[in-house]
Each structure stands twice: as C-alpha cells, then as structure tokens.
Amino acid sequence: MKVTYPYMGYMSAPVRHMLESLAIEVTEAPPISKRTVELGTLHSPEGVCLPYKLNMGNFLEGLERGADTIVTMCGAGKCRFGFYGAVQRTALTQGREIAFCSLDTERLLPDMYRFLRRAAPSAGRLTVAGSIALAVKKLRALDAVNDAKNRFAPRADVPERVVDICEYGTGEIAGAESFAEVNYSRDLIVSVMSSYCRADAPQPPRVALVGEFYVLLEPYANRWIENALVKQGVEVRKFVRTGGWAYAKTLLQTFGLFDEEREYLDEARPYFNHHVGGDGLKSVGTSLWSARQGYDGIIHVFPFGCMPEIVAQYALKNIAADYGLPLLTLSIDEHASDVGIATRLEAFVDCIKRKKEGSRL
Amino acid sequence: MTISVGIPRALLFHEFGELWQSFFSNLGVAVSVSPATTKTLLDRGTSLAVDESCLPLKLYLGHAESLLGCSSHLFVPRIACYHRDYYLCAKFAGLPDIVRNTFGLSADRVIAPDVDGRRPLCGINAVRTAAGAVGRSTFAGLASLRQALAAWRTQPAGPGVAADTKVAVIGHSYILRDPFLGGEVLSLLAARSVATVTPDDVPARALYAEAGRFAPEVHWQLSAKLAGATRYFAVRPDIAGLVLVSCFGCGPDSLVNEFLEYRVLKGCGKPYLILNVDEHTGRAGVATRVEAFWDLVEWRRRK
C-alpha cells in the first residue's frame, strides 16, 4: 500500500512522519506547482471551488508517482467540502485500481484510528493512538511557531530572517520523536525568532486574516500572504490554525467539548445569527472581534464561489463600514496571479499604514 | 402603522409560497408578493448583491427590494434543513442575515423564523416567531398553520403529460418556475411542441426513494431531489432526453452535475444537455443549445 494525501500547509510534514513511524509506505505528490493547478483544473468541474481542484491535482500527481491509496478528508455540512469525496472518488476510480479513503471530519478521530489500524496491522493500539497524539502535538507546536513568526517578524530589522527560521523550524518539529523533543524545538525556535526582534520596536499595524479554511492554511493557494504581510511590517493574526483545528476536531469533539457554532455565534451577533456551514460564521465572528479589539484592517481570503464565505461577505462589508476598517477581499481561483495579489496587498498595506499614521498625528 | 407582510417571489417561494401566503392571510394580515421577475428586477438584484453570489440569490435581493416600500415587514424564513436526512445550501441558512445586511434593516422588520428540522420544537418556535412578529399569539399561529397546511397538501399533483416522447427538464424549482431563468428552456421546447416533464410532475416520495441510492453522499436537500429525478427519468422508456438546468454560481450544482454525469447520464444512453444560465440575457445562446439538443434527440429517434 502506497499512501498519498492532499497538501494543506504544514499539515503534511507531521502526517508523513506519523504514517512512516507506523511503517506505512508514503508516496507524496510533488509540492503544489503550476502543473498541479493545471492538472487539477483539467479533471474537475468548471464551477467548483479551488481547493477541490488543488486536491485533484495532488491526487493525480501522487498516482503518477505510483501511489495506490488516497487518503483525504470530507465533511462540513452545508459547504461543498462535504461532497468532495463522493465526486473525487467517482472521477478517480474510473478504470483504475486504487483505494480511496475519506475520513469524515465530524468523526475524525475514530475514522483516522480505524484507517491506521487497517493500514498498519502490525502496530499495537497504543502505538497508533500515541502517533496520532504526537502528530496533533506537532501541529499545535507548528501553530505556535507560525504565530510567533507573525508577531516577531514585523518588529524585526530583517523580517526575512525570522521567516527563514520559521521555515527551518517546521522541518525540525515535524521530525521530532517525542513530546519533550517537540516542546524543546518549539521553545528554541521561538526564542531564536524573538532575539531578532527589537525590544523597543513600536506596535506595527495589525491585520486580521479571516476566511476559508483551506485557502488560509495552504500558502500556495493564498500566495504566501502571511509572509508577504510580515515582510512589509504588518502584524498578522490568523484565526484558522491547522493544529488548533486538528486538536478540536480529534480530541475535543470526540469528547463533546467543542461546538464551533456556539463558540462563534455570540461573537458574530448582531451581524450574523446562524451557522452557515464551512467557516462563514467564524469569519464574521473573528472579524467583529478584531474590529472591537482595535485592529487596523481585515483581509478576507476565500476561494472563488465559496458559498459560506459569500454569505459572510454581506456581513463583513457592514462590519468594515460600521467600524471604519479597511477591508480587502481576495477571492482566489486557479487564475489568481502572484503579481495581481501582491499589488493589491501592497496597496492595502499602504492604506492602513497611512491611516494609522494619520490617526497618530 | 398597519402590518403588511411582503414575500419575495424567489427561491423557496416557488415551493412553499402558497403555504406562507395562507398562513399570514389566515391570521388576518395583509400579504403582498413581489411581481414576476423582470429584467429591471434582476438588474437591481445584481447591483445589490456581492458579485459572486449565485443567480437566484441576486434575483431574491431584487424581489426583496421591490417590497421594501409597500410592506412593513419582510418574510425571510431561515431554512437550514426541513428533511431530517438533508441540509440546505449555506445561502438558505444565511438568507435573513444577507437581507438584513444588504438593506440595513432592523431585526424587527424581517420576520425570520428558524426552520431546522434537527432541533426539537423548531416548528413551534418558528410559528411563535412568525406569529409574534405580526402581533398574534402562538396559538393563533398554530391554528392558522394547520389550516394552511391542510389546504396546501390537497393541491393537485402535476398534470402528467401523456405524450409518448418527452424531454425531462431537471433543475431547482426556483429556476424552472421562474419564467426569466429556467422557464426560458421550457418555453423554447414548448415552441417546438416538445412535451416536457419536470421533477414537479413526479411525487416527491418517488424522488426521495431514488435519491436514497446516493445517500449519504448527496447531502443537500434540493440536490437530492434533482439526483433522484435524474435517476428516475434516465430509466423511463418514454423519456427521450434529459436537460439539466443550473445557474451561475450554484455551489451544489457544480459538483452534483458532475456526479450525475458519471453515475447516471453517461451510462443511460440518452442524449443529455447541461445548461448554465446567468444574468447576461441573450436568448440566442440558450436557444442554440436547446435546438441542437432537440435535433440530436430527433435524429436518435429516427435511427
């Protein structure tokens, strides 16, 4: 069995380590490139959202390299993500001998456990459970490192350095063998990053990054928007995190301790009063929270045609108007170009910087 | 100020409109329904909506705007799901918020009962919200709903077409029943005296039974109905071809059409056409496709 899976930011590194530690053979697709986008688009329905097309591209490139088992995730109620697996399975298994496993995000832990037990029959129950726990731990450590980068880089003299250290740290943490090692690497990387940051640096402008899950987590899809912002001296706060999500979906949800709807519903009122699937409610809730916390701008990133985010956009427009906050809406499809996004980002950063200076004078 | 309720003639109005109308008129409240879709209405809706919204949602906003001047309240139910096995698309769950945010309406001008079949007592709560908003008691609301439901359920089923060669036109009821959106396809076929059937001509029970084959993969309520209809029509000998009508920006359709193409249409051996309509009104594009499709159906029959 040669397993392949779609990319989603830094999620793939710990996942690969987890599978290999259980002696499951992994055939990773090459990193997302222009070819992935083209291949995926060619084999997808025209009107579907970008994450579907990128996933398809990953699968096809993984199969080209000899994979015979695809593992992916599926679910999220009203959003299209819940239907990905059904269509991808039909499209990919036509005339091909491949196994297609989709793990339902609504019961992620049991589904994942069942899959690993089947894929690695020789591994004991505790080993499997332990490797899932370690993978989640690593993802949370990567979240912490990424958050630290977004905080320290805009305050540093050479933000590029901090970004480089963060990238290096990702590999370090992904390869760690124990909880203690993960903690040690995380603390070390964070402290190295903080040493680049001037102690007396003024508060840089702060931007809230909200929007759809996949596009926010996969840097290829969002054109490295976080790094581009911190390099221009803007502090970024992202509310969707890989590890936080995995932790909530595996552990908390299994024990009934997590209800996303309840969490964000109170934050989103009065602009939004119901869960609409996907991350729509969360986008509104976190935007309103950051508006009240005095952030300097909101950037809303989502795939073109994303249903929950479009519903959220009606509310975001009003939040931005009511709180006098600049709002940049980036709707991303397979045609999105680096230059197009970079230009709009630069203009937006100029706008918030000028606004912040104006208010100080 | 006298209370009058406005109901936009779009989206689920085409399914439940008569029920909603009689619910309010049984309570003694004046009800006005927006006029049939026109180009101006659609253009207004398009300019009000977020660009990437789907076509029916743009139309809905146009209809809603036309009612703002003449009614004190707008009836915009939040229908998250009404069948226990299926969800509705995100836009139905967010509809009242979309309307409120677009027009900057205060919460008490929009009557937005929550319909969520998974929650206990949601029916009673919905009636309480709707009746309370027009100043009636929950009890009066329940009585009125009972009466309205009785009248609504005794509606005759679709007329049933007798011709031996028919074309099945499959699409959401809010597309097919709107003369401006999908109705155009039906009238084009009618102009060539082609007999057509739509999912409305089939009892819902039969559609859901067919759709059950795809469970739990197809989890959208309205898409399940379309999937069921496609399966149902694909195997009928009297159906000569299938037309799937969807509209720009429809999220569920973008995947479900592909799914149906793989699972049903390619294997059924009948000509099929998947047609996407948008707000750019040029009749020629749709006409050409429908005519080419009908030519193919006739050619197949002669062979």
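Throughout, protein chains are lettered first and strands after them, A, B, ... in sequence-line order, and every chain is numbered starting at 1. Hydrogens, waters and symmetry mates are skipped; everything else that's a heavy atom, side chains included, is used.
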(message) Test side chain to side chain contact (heavy atoms under 4.5 Å, CB included) on A/Asn273 and B/Arg78; report intermediate values, then the result.
(response) CA-CA 10 Å; A/Asn273 301 292; B/Arg78 183 196 305 282; 3.6 Å; yes

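Summarising the geometry of B/Ser254 relative to A/Pro45, their closest heavy-atom pair is O-CB, 3.3 Å, with the distance given to 0.1 Å. For the residue pair B/His219 and A/Cys79, the shortest heavy atom distance occurs at NE2-O, 3.9 Å.
Atom-to-atom distance recorded for A/Cys49:SG and B/Leu255:CG is 7.0 Å, nearest 0.5 angstrom. Distance check: B/Ile79 CD1 to A/His274 NE2 gives 11.5 Å after rounding to the nearest 0.5 Å. The NZ atom of A/Lys317 lies 9.5 Å from the CG atom of B/Asn101; values are rounded to the nearest 0.5 Å. The structure places CG of A/Asp333 at 8.5 Å from CD of B/Glu52, a figure rounded to the nearest 0.5 Å. In this structure, B/Trp220 CH2 and A/Phe83 CZ are separated by 6.0 Å, a value rounded to the nearest 0.5 Å.
Neither the backbone nor the side chain of B/Ala112 comes within less than 4.5 Å of any heavy atom in chain A. A/Glu46 does not touch chain B: none of its heavy atoms, backbone or side chain, sits under 4.5 Å away. For chain A, the nearby part of B/Phe248 is the side chain; its heavy atoms alone come within less than 4.5 Å.
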Less than 3.5 Å apart, which donor and acceptor atoms pair up between the side chains of residues 298-316 of chain A and the rest of the protein, not counting sequence neighbours?
{"from": "A/His300", "atom 1": "NE2", "to": "A/Glu309", "atom 2": "OE1", "distance (Å)": "2.7"}
{"from": "A/Glu309", "atom 1": "OE1", "to": "A/Ser283", "atom 2": "OG", "distance (Å)": "2.9"}
{"from": "A/Glu309", "atom 1": "OE2", "to": "A/Ser283", "atom 2": "OG", "distance (Å)": "3.4"}
{"from": "A/Tyr314", "atom 1": "OH", "to": "B/Val50", "atom 2": "N", "distance (Å)": "3.2"}
{"from": "A/Tyr314", "atom 1": "OH", "to": "B/Ser53", "atom 2": "OG", "distance (Å)": "2.7"}

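Residue-level contacts of residues 57-68 of chain B with chain A, in order of numbering, are B/Leu57, B/Leu61; threshold 4.5 Å between heavy atoms.
A/Glu64 is linked by a side-chain hydrogen bond (donor to acceptor under 3.5 Å, both in side chains) to A/Arg35, counting only residues two or more places apart in sequence or in another chain. Residues satisfying the side-chain hydrogen bond (donor to acceptor under 3.5 Å, both in side chains) criterion with B/Asn276, sequence neighbours excluded, are absent altogether.
Remark: B/Arg289 CZ is loosely packed, at most 12 non-hydrogen atoms of other residues, nucleotides or ligands lying under 6.0 Å away. Atom CZ of A/Arg269 has more than 12 heavy atoms from other residues, nucleotides or ligands within 6.0 Å.
Heavy-atom pairs under 4.5 Å with chain A were tallied for B/Ala93, B/Gly251, B/Ala107, B/Pro96; the largest tally goes to B/Gly251. Note: B/Val218 leads B/Asp116, B/Val218, B/Asp51, B/Leu95 in heavy-atom pairs under 4.5 Å with chain A.
Under a 3.5 Å cut-off, the side chain of A/Asn318 and the backbone N or O of B/Gly104 do not form any donor-acceptor pair.
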